[in-house]
Engineer: 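Below is the structure I would like to discuss, written out as structure tokens.
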There are 2 protein chains.
Amino acid sequence: MDTPASADREGISRIERLCIDRGLKMTGQRRLIARVLSESVDHPDVEELYRRAHARDSHISIATVYRTVRLLEEKGILERRDFGGGRARYDPTDRGHHHHLIDVDTGKVIEFADERHEALAREIAARLGFELVDHRMELFGRRFPEPQPEAPTSRRGKGRGGRDRS
Amino acid sequence: MDTPASADREGISRIERLCIDRGLKMTGQRRLIARVLSESVDHPDVEELYRRAHARDSHISIATVYRTVRLLEEKGILERRDFGGGRARYDPTDRGHHHHLIDVDTGKVIEFADERHEALAREIAARLGFELVDHRMELFGRRFPEPQPEAPTSRRGKGRGGRDRS
DNA sequence: ATATCTGCAAATCATTTGCGAAACC
DNA sequence: GGTTTCGCAAATGATTTGCAGATAT
């Protein structure tokens, strides 16, 4: 849904735009990492980001990826996540506030948002005497066995709550 | 309900009981670590467990603490937590299913449980096509600024309602 | 007995950092 | 041009592990 490969010449990627807006000095490797992040729809760890970036410019070093990812986190452009597995995963903040459901069988991560949960979290914090500053929720689930062919019941679920993102 | 707290003399600690029930070979150091865990009301990391155990038996090594804590996690007696800060924190499962609120100013951790959240989490997972296997929620909060000048009953202080188990 | 555990130190793993060379503003 | 960043490799910090001796069942 984005500009075709034309963005390769001079286009400024989504994340690069954010970097520029925060006054970061844009080097070739930062631009590349920003582009890789902009094109990613998952939650890569440093190793994976390095792999993707290195495929385009084999001169980049993993130390630079570590440094850049940390810088972007400090600038609020990325959020560090821990889905288990030992390595930190990165999630661009411009995807909006959301939570994650991890498929315990495949490791796949699904993003979702839910207003009711936001309200509930605020309320629980208040009950304990705190103002909610931040919060996170991770669900670990297993895909339902068989997508049983839509029972005769026509009543579609209470269809709504929060939009979910892949 | 339960045996009185007469378990101190030669007694078997809460966690040791669980170890025995799962058929673990009980060595002196495991018994000690189990006792330290049973007496803890917080979420110690390995370094801290080692400190507490080492204070009672200076022969114990930190490698053993690491090994034991991992064993107990595999046996479902402990749960590993990540509250940031780089080190894993441990939480006995026999405290029941709960979540955490971390005071961003002091780092103190408060446990809580909330039925509505449990139901909501299950529902969200179902909506996404998953059966909920596990889930966790962490709230990061700041103690409310000023105790509102509403009822000048007693002097202000940290004496807020709600017990915490750091 | 004897399979399992422990202590110690060395080994891993992810991440950070010192340093001279290279790149950006 | 001077400051900031980069690549490299060595340093770090948390956790794991190989091995020889100690222990529980």
Engineer: Please report the distance, rounded to the nearest Å, between CZ in B:R67 and P in C:dT6.
Structural biologist: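 For the pair B:R67 CZ and C:dT6 P, the rounded distance is 7 Å.
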
Engineer: What is the distance, to the nearest angstrom, from the CZ atom on B:R30 to the C1' atom on D:dT23?
Structural biologist: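 Rounded to whole Å, this separation is 11 Å.
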
Engineer: Can you tell me the distance, in whole Å, between the OH atom of B:Y90 and the C1' atom of D:dA14?
Structural biologist: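 After rounding, the reported distance stands at 10 Å.
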
Engineer: Within less than 4.0 Å of OP1 or OP2 of C:dT16, is there a side-chain N or O belonging to A:Y66?
Structural biologist: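 Answer no for this pair, as no side-chain N or O of A:Y66 is under 4.0 Å from OP1 or OP2.
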
Engineer: Just wondering, do B:L72 and B:L37 contact through their side chains at under 4.5 Å, heavy atoms?
Structural biologist: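 Side-chain contact under 4.5 Å: yes.
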
Engineer: Starting from P on D:dT4, measure out to NZ on A:K75 and report it in whole angstrom.
Structural biologist: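 Checked: the NZ to P distance equals 12 Å.
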
Engineer: Rounded to whole angstroms, how far apart are CD on B:E73 and P on D:dA14?
Structural biologist: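 One finds 18 Å between P of D:dA14 and CD of B:E73, rounded.
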
Engineer: Return the value, rounded to whole Å, for the distance between atom CG of B:D57 and atom C1' of C:dC5.
Structural biologist: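 Between C1' of C:dC5 and CG of B:D57: 14 Å.
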
Engineer: Considering only D:dT17, C:dT17, D:dT25, which nucleotide approaches the side chain of A:R70 most closely?
Structural biologist: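 Side chain of A:R70 sits closest to C:dT17.
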
Engineer: Closest-nucleotide mapping onto DNA chain C: is A:R87 or A:G28 further toward the 5' terminus? I mean the 5' end.
Structural biologist: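 The residue whose closest nucleotide sits nearer the 5' end is A:R87.
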
Engineer: Between B:A63 and A:S61, which has a closest nucleotide on DNA chain D that is more 5'?
Structural biologist: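 Per heavy-atom nearest nucleotide, the more 5' residue is A:S61.
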
Engineer: Quick one: does any side-chain atom of A:S38 pair with a main-chain N or O of A:I15 as donor and acceptor, under 3.5 Å?
Structural biologist: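 Such a contact is found between A:S38 side chain and A:I15 backbone.
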
Engineer: For B:K25 and for B:E47, locate the closest nucleotide of DNA chain D by heavy-atom distance; then report the residue assigned to the nucleotide nearer the 5' terminus.
Structural biologist: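 It is B:E47 whose nearest nucleotide is closer to the 5' end.
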
Engineer: Go through the side-chain N and O atoms of A:E118 and A:H99 and say whether any donor and acceptor fall under 3.5 Å apart.
Structural biologist: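 Per modelled atom types, A:E118 and A:H99 side chains form a pair under 3.5 Å.
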
Engineer: Return the value, rounded to whole Å, for the distance between atom CD1 of B:I60 and atom C1' of D:dA22.
Structural biologist: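 Nearest whole value for this atom pair: 15 Å.
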
Engineer: Please tell me if B:R80 has a side-chain N or O lying less than 4.0 Å from either OP1 or OP2 of D:dA14.
Structural biologist: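 False: B:R80 side-chain N/O out of range (4.0 Å or more) of D:dA14 OP1/OP2.
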
Engineer: Could you label the plane-to-plane angle of the B:H54 and B:Y50 rings as parallel, tilted or perpendicular, counting under 30° as parallel and over 60° as perpendicular?
Structural biologist: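 B:H54 and B:Y50: tilted rings.
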
Engineer: Looking at A:R31, I'd like to know whether one of its side-chain N or O atoms comes within less than 4.0 Å of OP1 or OP2 on D:dC6.
Structural biologist: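 False: A:R31 side-chain N/O out of range (4.0 Å or more) of D:dC6 OP1/OP2.
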
Engineer: Please state how far atom CD1 in A:I62 lies from atom P in D:dC8, giving the value in whole angstrom units.
Structural biologist: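 Result: 12 Å.
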
Engineer: Between B:H117 and B:H135, how do the two ring planes meet: parallel, tilted or perpendicular, split at 30° and 60°?
Structural biologist: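 Taking B:H135 first and then B:H117, their aromatic rings lie parallel (interplane angle under 30°).
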
Engineer: Is the distance from OP1 or OP2 of D:dG7 to the nearest side-chain N or O of A:Q29 less than 4.0 Å?
Structural biologist: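 Checking D:dG7 against A:Q29, a side-chain N or O does come within under 4.0 Å of OP1 or OP2.
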
Engineer: Check the phosphate of D:dC6 against A:T27, side-chain N and O only, distance under 4.0 Å to OP1 or OP2. Yes or no?
Structural biologist: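 Yes, within the criterion.
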
